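A quick write-up on the structure given underneath.
Residue numbers start from 1 in every chain, and the chains themselves are labelled A, B, ... in the order their sequence lines are given, proteins ahead of strands. Since we're looking at a predicted model, the values are computed, not measured.
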Protein chains: 2
Amino acid sequence: MNIVQTVKDRLSDLSKNEYKVAQQVLLDPEAIIHVSTATLAKQANVSEPTINRFCRRIGCKGFPDFKLQLAQQLAKGASYVNSQIDDDDNVSTVTDKIFSSTLSALANTQRTLDHAAIEKTISYLKDARKISFFGFGASASVAHDAQNKFARFTTPAIFSDDVLVQKVAALNSLPGDVIVCFSHTGRTKALCEIAQLGYDNQATVIGITAKGSPLAKYCHVVVSTEVPEDTDQYMPMASRIAQMVLIDAIVAGFALAQGEEIKQQLARVKAGLKDSRFPPQ
Amino acid sequence: MNIVQTVKDRLSDLSKNEYKVAQQVLLDPEAIIHVSTATLAKQANVSEPTINRFCRRIGCKGFPDFKLQLAQQLAKGASYVNSQIDDDDNVSTVTDKIFSSTLSALANTQRTLDHAAIEKTISYLKDARKISFFGFGASASVAHDAQNKFARFTTPAIFSDDVLVQKVAALNSLPGDVIVCFSHTGRTKALCEIAQLGYDNQATVIGITAKGSPLAKYCHVVVSTEVPEDTDQYMPMASRIAQMVLIDAIVAGFALAQGEEIKQQLARVKAGLKDSRFPPQ
DNA sequence: ATATTAATGTAATTAAATTACAAAAACGAA
DNA sequence: TTCGTTTTTGTAATTTAATTACATTAATAT
């Protein structure tokens, strides 16, 4: 998947001159993209076929294929590389970095999504008697957002950012109720407690959280968002966004699972809100 | 920057056969990456030089350059032009479409951002006596989220999703207070009213909303997110996310503008929350 | 020290992209 | 319409790039 990493990993498998090529590649991957075998050969002080052999060894079909993979890699990873915010960044730079790191976090999440878990989540939600959304801190607004979305449908959807209210709701849950818990790390103690209460009451507990985390233990389904740690510096940003988009996807899947009637319902809600807006010009 | 979009935009400038090439490209951009001029020419039923002419017209150096740009674009995920959800899509497809359209909405927002307006917003916030975040419906959770973020700093930050509470807060605002209003369309009547109240009280009103909208009239600064309409089908999704990322960027800029002390403050908050979490293993 | 294997380069070949130019189509003005 | 002009398109030639075949050199083990 990650071609630059692959080159680094296989450095030891390479012959002397192939190694020279690798060095040249790692020196400035960006540059390789716009270069021909001939020029790269000259730069690395090897013959042209060696370039080709290098590409094959790395696992590519040939030099053009290698360039392509590199280009894709860099396009994706460009944001990762430079997403740390420095004290002397100006506003434009910071804005750009935030957007870029969010973009790459989302792209990463999309790539590593567990579709089976999502499918399972949707089928549980579809048959739910009642859906509760729980979370603390930054995850509270994710939970709030989720509740907002599900409010458009007919299944009762609740949310509170109050610990006690959440606890009571978990205590009063029954089989057939679904509890969705949000926590990026899965290590928030209060939330684990709540999840356990729901779990013990045989409600269905769904965790939008890290796999293998303490919270995950009390979940029937875990959907994780795989956002690299370093994207969230002082406060959760990218991870929160990833969770919200995940919920968007789940809501869309949920809506679709309901079939035709729900579309009319949604259209009705939209129409009903019309009067509270100025008409578009 | 966005090559697929460029192709779409310049569709009308193309000649008949160049148009055929464009169609072929838009049909399956992924496929083009691994194809030669000869094959693409055959697929589009044109001659090889036409492929080259097409690339030049679009603004590329040639076919290999076009392929490279396309590859990079696709890697970023910002390509999915038409992500309308169909009734017969399965869960994986829907999930993918939601992520893709969110990614492209974000990429689009990033590209069209008004950095001057953001800078102005940050400088107002920096000197604010009190910051209020207002919004209804889906924008309420964005406002909530914003309040959450700013709660980590020392400037008082308020939020409520209650109309009356918001109205009272606007009525009680003073010069030096900042009111941030969220509305994708800028046409929510209740919010316009609130913005006007604040405006009349000489509070600073910042609109995260559409330029030229009714809401924009009562804003001292407008930051718009330029998310294409069609990305939000039945409910606001991508636009909401774009607003949140925008807030992330503003928060980051805000934090940076405060200098060293705020970093310590943030670190302190983080440390203070430690006990409410299980330690990472 | 020599046989054997692996690594590398040279030269040839194949493939891909681009250019030059001519034919055809589209367009405008009389 | 009809003729001249411009634009579009394709054919063939050329250039550039990538790959292969094979010979040579270097490295390694017996």
Can you confirm whether or not the ring centre of B/Phe66 sits under 6.0 Å from the ring centre of B/Phe54? yes
Exercise: do B/Gln110 and A/Ser100 side chains pair donor with acceptor under 3.5 Å: yes
How does protein reach along nucleotides 9-21 of chain C, written 5' to 3' as B (base within reach of a heavy atom under 4.0 Å), S (only sugar-phosphate), or - (no contact)? BB------SSB--
Can a salt bridge be assigned to the pair A/Arg57 and A/Glu18 using a cut-off of 4.0 Å between side-chain N and carboxylate O? yes
Quickly work out the A/Glu18 CD to C/dA6 C1' distance and round it to whole Å. 11 Å
Tell me yes or no: between the side chains of B/Thr39 and B/Ser36, is some donor less than 3.5 Å from an acceptor? yes
Going by atom types alone, do A/Thr50 and A/Ser47 pair a side-chain donor with an acceptor below 3.5 Å? yes
Between NZ of B/Lys42 and P of D/dG10 the distance, given in whole Å, is 14 Å
If the condition is side-chain contact (heavy atoms from CB on, under 4.5 Å), which residues does A/Ala210 pass it with, not counting sequence neighbours? A/Ser213
Tell me the interatomic distance from A/Leu14, atom CG, to C/dA6, atom P, rounded to whole angstroms. 16 Å
Roughly how many Å is it from CZ in A/Phe54 to C1' in C/dT8, rounded to a whole number? 16 Å
